[in-house]
Amino acid sequence: MSQQLSEQELVRRDSLTKLRELGINPYPQALYPVDALSKDIKANYEEGKKVIIAGRLMSRRIQGKASFAELQDSEGRIQVYFNRDEICSGDDHAMYNEVYKKLLDIGDFVGIKGELFKTQVGEISVRVKEFTLLSKSLKPLPLPKTDSEGKVHDAFTDPEMRYRQRYADLVVNPHVKEVFIKRTKLFNAMRTFFNERGYMEVETPVLQPIPGGAAARPFVTHHNSLDIPLYMRIANELYLKRLIVGGFEGVYEFSRNFRNEGMDRTHNPEFTAMEIYVSYKDYNWMMAFTEQLLEYCAIQVNGTTKATFGEHQVDFKAPYKRVTMRQSIIDFTGFDIDGKTEDELRTWCQSNNIEVDETMGKGKLIDEIFGEKCEGNYIQPTFITDYPKEMSPLCKEHRENPELTERFELMICGKEVANAYTELNDPIDQKERFEAQLKLAERGDDEASQFIDYDFLRALEYGMPPTSGLGIGIDRLVMYLTNNQSIQEVLFFPQMKPEKKSVELSESEKAILEVLKKAERMDVGELKNAVGLSGKQWDKGMKGLNKHGLVKVEVDGESKVCVLV
RNA sequence: GACCUGAUAGCUCAGCCGGUAGAGCAUUUCACUUUUAAUGAAAGGGUCCUGGGUUCGAAUCCCAGUCAGGUCACCA
């Protein structure tokens, strides 16, 4: 891949050569004995203390024989003070004048041995006694700056560039780094919460012969030696339940799921869910468990149960409100779905501006009403309970109403964050529900599952204890806890369309070359006429050829001659 | 999938009615020993996203496309 280097990149490559000529390895092998971090230095300042620090050079203010610079390490930035006479011995000033001033650049990794002091204006700084180039940076970083009023100039904000070059984003945007630190804190908090209760973190297959546990379009791949298709997992539910059958009390997994569907600011083709299954529990227990968990996580991540999301203030403090789906619909529409026939529901939808079609059954219709009229109203964490049976093929029938299931979803800011069941463990009922799904799929409902996992049914036949399971959309939760409106902001490397490749010769360039090849050299005016391109095409073509170094224009007084190189 | 907006120097952005491509930071050179985004002076740096059209002439107008962002639709 050939690539035009900018002037600044060429300068840095040149510096690289000069450093080597001075006997300085720009990419040394040896470890650097770092013994201090910027944050600790500032927190525990001691005048004159010797420190060894390392990081990226992020700014420089050079004034003659002295210079202030900022070094950025994993914890932040610290000011360092370079003085020619401190780092150079005798009359040899090369280390300061040449190496520091000319051959180092912003972005270089440098190791520094020095002493702590405070400048006249009181800023904690490191007086450099000795510095070592640890790694040369050949590409200039974006360079946001913060002024004395805290205003940021030249911020690196273009989402396309930030997502494609997340490494640069992380270097120059500390608030972006903070999001990912919080993301990891959330994982750690959940693990702690589960592990303290004796539940076990497990791993289940990502490549599955049957994609189950959710209705979603899977990615398909192919295993060569088995010569079978394999699907990337869309959910891990069925595998975790097999482990409950196997006798674990509680199992959980942070599962990367893959769904071959549309992408937008809340959907990435791969996303992270956490699923946990606990035996001998039901969904009432799971609701209490969930609100305790989220309260704990919010505190571990943000130090408080309160979080800001856009215009909303959300409080994760338990307990959360519980509303049945039936009551929710009554609350927002005055319509009671209880005991209504499919036709009655459809008629109501039609007269209330809800789009429906003939393929929708009762469950789907109720779901539409809820989605249209209720869902968006739940800002504070709220459990919506008791979903219609058709929508929940893996969930146990409600103990009081056979048309419903023991299921809840947790709504926050109008979106689903968690989904939980009293799990269906009756193998015969489960088989019938799978078969019903299959029929729906055959009829063309693309949301219904197209596979029956007979091995999962076999597992249930051995017997699964009563179990409750919970799934949490981790990315969405991170969005809420870090006040980000898009999933791309909380994924290190969101999926992007491939960057376009630079094309070879354009048609106009080829046309000009064609004519010029016969003549070797030609007057520019004549050449333009001979090629017969429009002004714009001609201009583009010539610029392109010039750039590729294929033609050259020789100017001699009035005449301009185009020459093949 | 529909619609709206955007793409110009390494970065952030101007660029009017179509007429030689601009600023700040960054870079290079020179001066400067405690500075706080921004010392002074000078210089260099461009596939104006791609392709086509209109035009004597296009960064600018028109069409098509690419990529991104947003709104909506879809979405267990």
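A note on names: the letters A, B, ... follow the listed sequences, proteins ahead of strands, and every chain is numbered from 1.
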* **OP1 or OP2 of B:rG45 under 4.0 Å from side-chain N/O of A:Gln8** => no
| message | Does the Lys NZ or Arg CZ of A:Arg84 fall within the cation-pi geometry relative to A:Tyr96 - under 6.0 Å from the ring centre and within 45° of the axis? | response | no
A:Glu7 has its side chain closest, among B:rA76, B:rU28, B:rG44, to B:rG44
What's touching nucleotides 5-7 of chain B from the protein side, N or O pairs under 3.5 Å?
none

On a heavy-atom basis, the closest approach of A:Met95 and A:Phe131 is O-CZ, 3.6 Å
Among B:rA76, B:rA26, B:rU34, the one nearest any side-chain atom of A:Arg259 is B:rA76
Would you confirm whether A:Asp264, through its side chain, and A:His267, through its main-chain N or O, come within 3.5 Å as a donor-acceptor pair?
yes
Using a heavy-atom cut-off of under 4.0 Å over every strand shown, decide if A:Asp264 touches base, sugar-phosphate, or nothing. base
Worksheet item: Distance between the C1' atoms of B:rG15 and B:rA59, in whole angstroms?
Response: 8 Å
Quiz item: Hey, does A:Asn173 have a side-chain heavy atom less than 4.5 Å from the side chain of A:Lys177?
Solution: no
A:Ser486 has its side chain closest, among B:rA68, B:rG70, B:rC11, to B:rG70
Its glycosidic angle compared against 90° from 0, B:rC17 adopts the form syn
Regarding the side chain of A:His267, the nearest nucleotide among B:rA76, B:rA68, B:rC75 is B:rC75
When A:Met263 and A:Val121 are each assigned the nearest nucleotide of RNA chain B, the 5'-most assignment goes to A:Val121
Please write out each protein N/O paired with an N/O of nucleotides 31-33 of chain B under 3.5 Å, distance rounded to 0.1 Å.
{"from": "B:rC32", "atom 1": "N3", "to": "A:Gly64", "atom 2": "N", "distance (Å)": "3.1"}
{"from": "B:rU33", "atom 1": "OP2", "to": "A:Lys65", "atom 2": "N", "distance (Å)": "3.4"}
{"from": "B:rU33", "atom 1": "O2", "to": "A:Asn83", "atom 2": "ND2", "distance (Å)": "3.0"}
{"from": "B:rU33", "atom 1": "O4", "to": "A:Asp85", "atom 2": "OD2", "distance (Å)": "3.0"}

*Answer yes when A:Glu403 and A:Lys389 have at least one side-chain N-carboxylate O distance shorter than 4.0 Å, and no when they do not.*
no
task: Examine A:Arg217 relative to A:Phe258 and say whether NZ or CZ is less than 6.0 Å from the centre of the six-membered ring and inside a 45° cone about the ring axis.
output: no
Quick one about A:Tyr277 and A:Glu275 (side-chain donor to acceptor, distance below 3.5 Å, no hydrogens or angles considered), yes or no?
yes
Next on the checklist: Categorize A:Arg127 for me: base, sugar-phosphate, or nothing, with a 4.0 angstrom heavy-atom threshold over every strand shown.
Outcome noted: base
Distances for protein N/O vs nucleotides 12-15 of chain B N/O pairs under 3.5 angstrom?
none

Side-chain atoms of A:Arg265 come closest, of B:rU34, B:rA76, B:rG70, to B:rG70
*Going by modelled atom types, is there a donor-acceptor pair between the base of B:rU36 and the side chain of A:Thr119 at under 3.5 Å?*
yes
With the side chain defined as heavy atoms from C-beta on, A:Arg61 is closest, among B:rA38, B:rU28, B:rA76, to B:rA38
(message) Would A:Arg127 and A:Phe117 count as a cation-pi pair here, with the cationic atom under 6.0 angstrom from the ring centre and within 45° of the axis?
(response) yes
Between CD of A:Glu86 and C1' of B:rU34 the distance, given in whole Å, is 12 Å
**Prompt:** Is any side-chain N of the basic residue among A:Lys118 and A:Glu47 closer than 4.0 Å to the acidic one's carboxylate O?
**Reply:** no
Rounded to whole Å, CE of A:Met496 lies from C1' of B:rG69 at a distance of 10 Å
Taking every heavy atom of A:Met287 against every heavy atom of A:Phe383, the minimum-distance pair comes out as O-CZ, 3.4 Å
Could you tell me whether a side-chain N or O of A:Arg233 sits under 3.5 Å from a main-chain N or O of A:Gly213, the two making a donor and an acceptor? no
Notebook entry, point to check: Does a side-chain N-to-carboxylate-O contact under 4.0 Å join A:Glu409 and A:Arg407?
Noted result: yes
Would you say a side-chain N or O of A:Lys145 is under 4.0 Å from OP1 or OP2 of B:rC25?
no
